Amino acid sequence: MDSWILTTITFTPLLGTIVLMLIPREKVSAIKWTALLFSLPPLALSIILWFAYDWHKGGMQFTVNAPWIRDIGVYYRMGVDGLSVPMIFLTALLTTLSIIYSWIINERPKEYFWLFLLLATGMFGVFTSLDYFLFYVFWEVGLIPMYFLIGIWGGARREYAAIKFVLYTLVGSVAMLLAILAMYFNVTDPATGRHTFDMMVIAAQKPFAHAHNIQSLIFWALFIGFAIKVPVWPFHTWLPDAHVEAPTAGSVILAGVLLKMGAYGFLRVLLPTLPWASTHYWTAIAILALISIIYGALVAMAQTDLKKLIAYSSVNHMGYVMLGIAAAVSPIAAVNLDNRAVALNGAMLQMFSHGIITGALFLLVGVIYERAHTRNLNEFGGLWARLPLFGSIFITACLASLGLPGMSGFIAELMVFLGTFKASVLFAGLGTIGIVVTAAYLLWTIQRILLGPANPKYEKLLDMDGREILVLTPLVALMLLFGLWPAPILQIINSSSVQIARLFTIGG
Amino acid sequence: MNDFKNFIPDYRYAVLAPQILLAVLALAVLVVGLFTDRNRKSKLEHYLPPDYLAVCGLVAVLAWQSSMLWRSLKAGEVVQAVKLFPTSPGDPLSPSLMVMDRFAMFFSLIAIGGSVLVGLLSIDYFRKRDFNRGEYYSLLIFATLAITLVAASTDLITIYLSLEFLSLCSYVLAAYLKGDRKSSEAGLKYFLFGAVASAVMLYGMSMLYGVTGSTALSAIFEGLRTAPGDLAATAWLAVVLVLAGLGFKLALVPFHLWAPDTYEGAPTPITAFLSVCSKAAGFAVIVRVLDIGVPLPQNGLGGVDWFSVVAALAAITMTLGNLVAISQRNIKRMLAYSSIAQVGYILIGLLAATKSSMGMPGLMIYVFGYLFMNLGAFTVVIGLSDKTGSDEIESYAGLMSRSPLYAVTLTLFLLSLAGIPPTVGFLGKFYVFGSAIEYGQKLWPLVALALANSVISVYYYFNVVRQMFFMPAASKDRISPSSAIAVALLVSLAGILVFGIYPQPLIDLARWCSVVF
């Protein structure tokens, strides 16, 4: 099982795309079942992976290493550690749930599910590959299907949103490519004496360790590549458009997984490979994170479109991830190994937790939009009485999102702030403004949708059906599970956090 | 008879077999065409139609040429090049008019392979229109022959002659649709620009001869190394003038003005030919001239600094090509400007090759991959305009519902042109840009510009994708390709995907062939 599990997870959906091509486009039901069928093995295997990963030992496990392009030393290298295992599970879960939710898609279903499976392969590949060439290939493979998902099944301004998404992300990709090539030529694998694309070897060799000017250049190139994906203010402007126009399941994947790829890049590539530049520019990262937190929250408060509100709340929430990362690399000596590891644990837990919470929120937006055909917050009111089940789940997700104790979001944000507090009281203090504003806009949203006088227009709405309940239950369960008992996830991610944290601790 | 013997002392006919076969094939097609084009119901037409004869003949030559390369690759041959027509026979070190080396064979392979696909695309195109196919195909084969000669030329005389041979065939082919005003315009514009360009190039060549006293590239190299300092400006001007002539063939900005009109007006298969095969010839000769003929000044020795000239040409070529492509509404014009931009990227490989071992293979991989992606895109254009009668990008609206095959394959070709993995277009860009990074920080800004340009290019490539997938179709009629088009389509598709996912054989071949004599 050791060597094939990651390959199977990554390529089962691709196999599904081939099978889908053989099904005539009229057989809608067969298409949907096939898509679901090919999304299940990765989900099952990702759960097995979670339990099979030996977090006492830590490090890369389940590794695969096979030559691919000998000429430039490209290998088919895969492996997972505590950072990627939860991301793979998140990807598998959200992909399966999105496919179930998308049962209502009857417009060009064959293409829709085909793209969804291709997207899944791209996302799994990003989180499993340990070779920069392979990583880049999957990074791009994950980009193209989303363009079509937004462009074909999106809302009114879908074409604009789709091309904007692609162009922004591509700017990041090519900057990343430039940096990858520069690192490649700067590093020699001691085992072979040749240049290498091995992420681990490059991280161990520390390219441009003494050429600080070039290291800074490479750092910013990679920073742009990942920050656009996260997205960090001021690179976030593609996000509201893409989220608002994307079909529900597209938004779920976009917020749940694609944004995480940016944060994953910071943790997998930037911090371990360029530690000097990461520490040197930690204030810049922290300030951008804080702007994202506060700006994201304030702009979210001003929205009347529910979907746009949640989109901006993503900017806000991903800001905490970035704040945790910044705190973990700060040069301040008082920050010890534990503080740094806590900040990173917070960041990684926030990545996971934001994935399930925002995924759930976008699904709930889809649920209400299917019924009311509007997302305008001011047109709702008193829906809880009408839709008790929807109301309860919506409130649960909102409370998790604003960081109510007992939910996964609270633990993540708490840990981020614990770490940040040691690095800079000022930054931690500023960050809490975001928490307050987030609480305000989410509670206000609950009030506007669920409470108050009922709008008679929506008297006839039906509550959630079985499919919708099926999709939302696992997400809500996970919010509560990791909120009350975070040990199962923390012990896994902690094994990676400590490794990264050690790089930044003097004498660590 | 003695003279004749002296003229070809170590003549190895076998190495020229593809060239000889091409010449014979062209004449055979011409003769067959004489009988069949007059009377389309003749027996000969039934058993030996000139278009099939041409395509099958080209496939045979392609097989021959590939087996030559394959055998040399497998055997790891020690003999790396065959000198043809040496200037002083008997002296093994003397320069020669032509060298049949692996580099030349590689570009011959691209030219012949491209012609096979162009030949396939032309079958329906010319059967529908009542034009003489015999002349058309024999001109196409002669043009292919010219490219194989261009690729092997190592002397200014042979370079000029073979380039003129190629140009004259191309002028006629571009204007082949007699009576079609746009086609006539295409041919005339091409001819006028081409005549000026070759005159300029000839002027530059005569100056090079004046400075160095030789027309052989290797002798010119030595001559420029040792040329007295007061001739430096003349030598520089000579090289720039030669570059201008070659720039015309490659459609480099600012020598590109003919390209969009010619590409739009010429018969579409010929547009495809010009944008791929003719450019391959341009690359072969620019590599040969600059790599073998013109030294860069270094270590106190003389030379001509063509590096900055080519870098500047590459920068403006890719930028202008991409920016103008954005506003095009006709897909042939869009592809014309896109191919201008692509040449800008490829030139980076030439620059980097002066220091990086990835540069020359990168250039060759890119040109090889470009053959499949650009011809693939043109295959769809030809197949569609055959059915819809339009080359406007708007006529691609809703193509996905009318022909999933065309829509999906064109999308893949465009993704490859844009350099998105896992296609061969990405591999080419990766090698070319990688070699420039390896070259050193002097080329980093150019790579950054090229990468920025690739992002811009995605905008206009995706504009076609947007029409095909997002827009509603104007009609519900299904469109399906003819068998010849389908074959060309699948070959191109296999080319971009197989070499994109499993590139090692292509890389081995390119590395093996990247030694230039």
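Please read all numbers here as calculations on a predicted model, not as lab measurements. Sequence lines set the chain letters: A, B, ... in the order given, protein chains first and strands last, and positions in each chain run from 1.
With a 4.5 Å cut-off on side-chain heavy atoms, B/Leu350 and B/Ile346 do not count as touching. Under the 4.5 Å side-chain criterion, counting only non-hydrogen atoms from C-beta, A/Phe219 is not in contact with A/Phe208. Residues B/Phe462 and B/Leu414 are not in side-chain contact: their nearest non-hydrogen atoms beyond the backbone lie 4.5 Å or more apart.
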Kindly indicate, with the supporting measurements, whether the criterion ring-ring contact (aromatic ring centres under 6.0 Å, His included) is fulfilled by A/Phe127 and A/Tyr264. CA-CA 8 Å; A/Phe127 293 129; A/Tyr264 178 83; 4.9 Å; yes
Check the pair B/Phe469 / A/Arg108 against side-chain contact (heavy atoms from CB on, under 4.5 Å), numbers first and verdict last. CA-CA 11 Å; B/Phe469 284 86; A/Arg108 298 161 78 173; 4.0 Å; yes
May I have the step-by-step check of side chain to side chain donor-acceptor pair (under 3.5 Å) for A/Thr169 and A/Tyr147, ending in yes or no? CA-CA 11 Å; A/Thr169 320; A/Tyr147 167 78; over 6 Å; no
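Neither the backbone nor the side chain of B/Ser454 comes within contact range of chain A, judged by heavy atoms closer than 4.5 Å. With a 4.5 angstrom heavy-atom cutoff, A/Leu167 touches chain B via backbone and side-chain atoms both. With a 4.5 Å cut-off on non-hydrogen atoms, B/Leu415 touches chain A through its side chain but not through its backbone. Residue contact with chain A, scored on non-hydrogen atoms closer than 4.5 Å, is absent for B/Asn463. The contact between A/Val166 and chain B is made entirely by side chain atoms (from C-beta outward), counting heavy-atom distances below 4.5 Å. Proximity to chain B (any heavy atom under 4.5 Å) is restricted, for A/Leu177, to the side chain, taken from C-beta onward.
The two residues B/Ile365 and B/Ala510 have their closest heavy-atom pair at CG1-CB, 3.7 Å.
Heavy-atom pairs under 4.5 Å with chain B peak, among A/Val141, A/Ile69, A/Leu143, at A/Ile69. Options A/Tyr136, A/Phe138, A/Trp153, A/Trp139 differ in how many heavy-atom pairs under 4.5 Å they form with chain B, and the most are formed by A/Tyr136. Annotation: maximal heavy-atom pairing with chain A below 4.5 Å, among B/Lys429, B/Gln441, B/Met400, occurs at B/Met400.
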